[in-house]
Trainee: 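Have a look at this one.
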Amino acid sequence: MDGKMQRLIIICGATGSGKTTIQNYLASKYGFERVITHTTRAPRKGEEDKKDYYFESEESFLKNHFVEQVKYAGFQYGSSHEGLKRAFEKSKTATIILDTQGAISYTKIVAAFEMIFWYIEVPSEKQLEMRILNRGQSEEEVKKRLASVEARRDMKIPQNLEPFCEIIENALWKDTKRKIDKLLEFGRDN
Ligand SMILES: Nc1ncnc2c1ncn2[C@@H]1O[C@H](COP(=O)(O)OP(=O)(O)OP(=O)(O)O)[C@@H](O)[C@H]1O
Ligand SMILES: Nc1nc2c(ncn2[C@@H]2O[C@H](COP(=O)(O)O)[C@@H](O)[C@H]2O)c(=O)[nH]1
């Protein structure tokens with residue numbers, strides 16, 4: 001596959017803003033492969049190892065070759081060269097979900113693929129909280145997550161990421177889909 005034709009859609013935004021929902025839409029509608037990242041947090045209900053994340057112990061996490069890694073709400077997260085390679089073996093356009101710190105790291109790397117940055121926004125924090133609760137997490141868990149330094153930081157797009165990002169408001173799902181379809185209109189050679 002021609003390396004220059006590859007493209008990575010980097011999706012970031014507040015916790016609960018809809019990054020995974022958007023990534024799933026891109027996979028089902030466009031066939032864009034997901035880059036699976038690594039974490040030391042425990043799987044949530046319904047999450048599967050090697051599908052949602054590579055779920056790692058503190059020891060096994062260190063054995064990967066990371067493009068970037070961060071600590072988020074007390075756990076390790078990282079995107080690996082292996083994960084990117086596996087995704088690009090399956091489709092020319094791949095998607096990855098990162099926190100804003102990880103996205104900033106990608107703005108600084110020299111890569112053989114094109115990068116597109118999306119920041120996902122939700123109109124209010126109350127809506128975010130409701131969406132996370134509806135996902136099945138306990139109120140205590142949600143409160144703890146929303147209070148973490150990283151979650152607070154990612155509520156708003158960092159200034160140094162703004163020049164790279166398309167901001168997508170994810171209020172009504174049908175409007176979000178329309179916006180995404182429009183953004184991808186000129187890249188139908190996936
Ligand atoms: N436009 C929307 N309207 C209503 N609910 C939505 C919308 N988009 C996503 N959701 C719901 O909000 C919840 C959070 O979405 P999702 O898991 O995609 O967020 P996320 O940004 O990946 O969160 P996290 O970073 O915490 O993993 C899910 O239950 C999802 O179904
Ligand atoms: N910088 C990175 N951020 C990542 C990676 N994988 C996921 N994430 C981000 O972490 C938070 C928390 O994720 P959650 O699944 O526990 O809700 C979220 O903002 C993700 O975008 C990664 O490899 N690098």
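Each ligand, and each atom within it, is numbered from 1 in the order the structure gives.
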Trainee: Hey, which atoms in ligand 2 end up nearer than 4.0 Å to a heavy atom of R44?
Mentor: 14 (P), 15 (O), 16 (O), 17 (O)

Trainee: Distance under 4.0 Å to a non-hydrogen atom of Y53: what atoms of ligand 2 satisfy this?
Mentor: 6 (N), 7 (C), 13 (O), 14 (P), 15 (O)

Trainee: List every atom of ligand 2 that sits less than 4.0 Å from any heavy atom of G102, numbering the atoms from 1 in the order shown and giving each element.
Mentor: 1 (N)

Trainee: Against ligand 2, does Q101 come closer than 4.0 Å with any heavy atom?
Mentor: no

Trainee: Provide the number and element of each atom of ligand 2 under 4.0 Å from a heavy atom of V70.
Mentor: 1 (N), 2 (C), 3 (N)

Trainee: Which is closest to atom 14 (C) of ligand 1 in terms of heavy atoms, S17, G16, G13?
Mentor: G16

Trainee: Taking the minimum heavy-atom distance to atom 29 (O) of ligand 1, which of R145, R131, K174 ranks first?
Mentor: R131

Trainee: Can you tell me which residue and heavy atom of the protein come closest to atom 1 (N) of ligand 1, and the distance to 0.1 Å?
Mentor: N170 OD1, 2.8 Å

Trainee: Can you confirm, on distance only, whether ligand 1 has an N/O atom lying under 3.5 Å from any N/O atom belonging to T176?
Mentor: no

Trainee: Which of the atoms of ligand 2 are close to R41, meaning less than 4.0 Å from one of its heavy atoms?
Mentor: 14 (P), 15 (O), 16 (O)

Trainee: Identify the protein heavy atom lying closest to atom 24 (N) of ligand 2, giving its residue, its atom name and the separation to 0.1 Å.
Mentor: E68 OE2, 2.8 Å

Trainee: What part of R44 sits under 4.0 Å from ligand 1 if we count only heavy atoms: the side chain, the backbone, both or neither?
Mentor: side chain

Trainee: Is the distance between the ring centroids of F66 and F61 under 6.0 Å?
Mentor: yes

Trainee: May I ask you to identify, for Q69, whether its side chain, its backbone, both or neither come under 4.0 Å of ligand 2 on a heavy-atom basis?
Mentor: neither

Trainee: Within ligand 2, which atoms have a heavy atom of S79 less than 4.0 Å away?
Mentor: 23 (O)

Trainee: Mark the output for R145 as yes if a heavy-atom distance to ligand 2 is under 4.0 Å, and as no if none is.
Mentor: yes

Trainee: Does any N or O atom in I97 lie less than 3.5 angstrom from one in ligand 1, N or O only?
Mentor: no

Trainee: Between A171 and ligand 1, does any nitrogen or oxygen pair lie at a separation below 3.5 Å?
Mentor: yes

Trainee: Check ligand 2 against K19 and write out every atom of the ligand that is under 4.0 Å from a heavy-atom position of the residue.
Mentor: 19 (O), 21 (O)

Trainee: Give me the nearest non-hydrogen protein atom to atom 26 (O) of ligand 1 as residue plus atom name, then the distance to 0.1 Å.
Mentor: T15 OG1, 2.5 Å

Trainee: Pull out every atom of ligand 2 sitting under 4.0 Å from any heavy atom of G78, numbered as shown with elements.
Mentor: 22 (C), 23 (O)

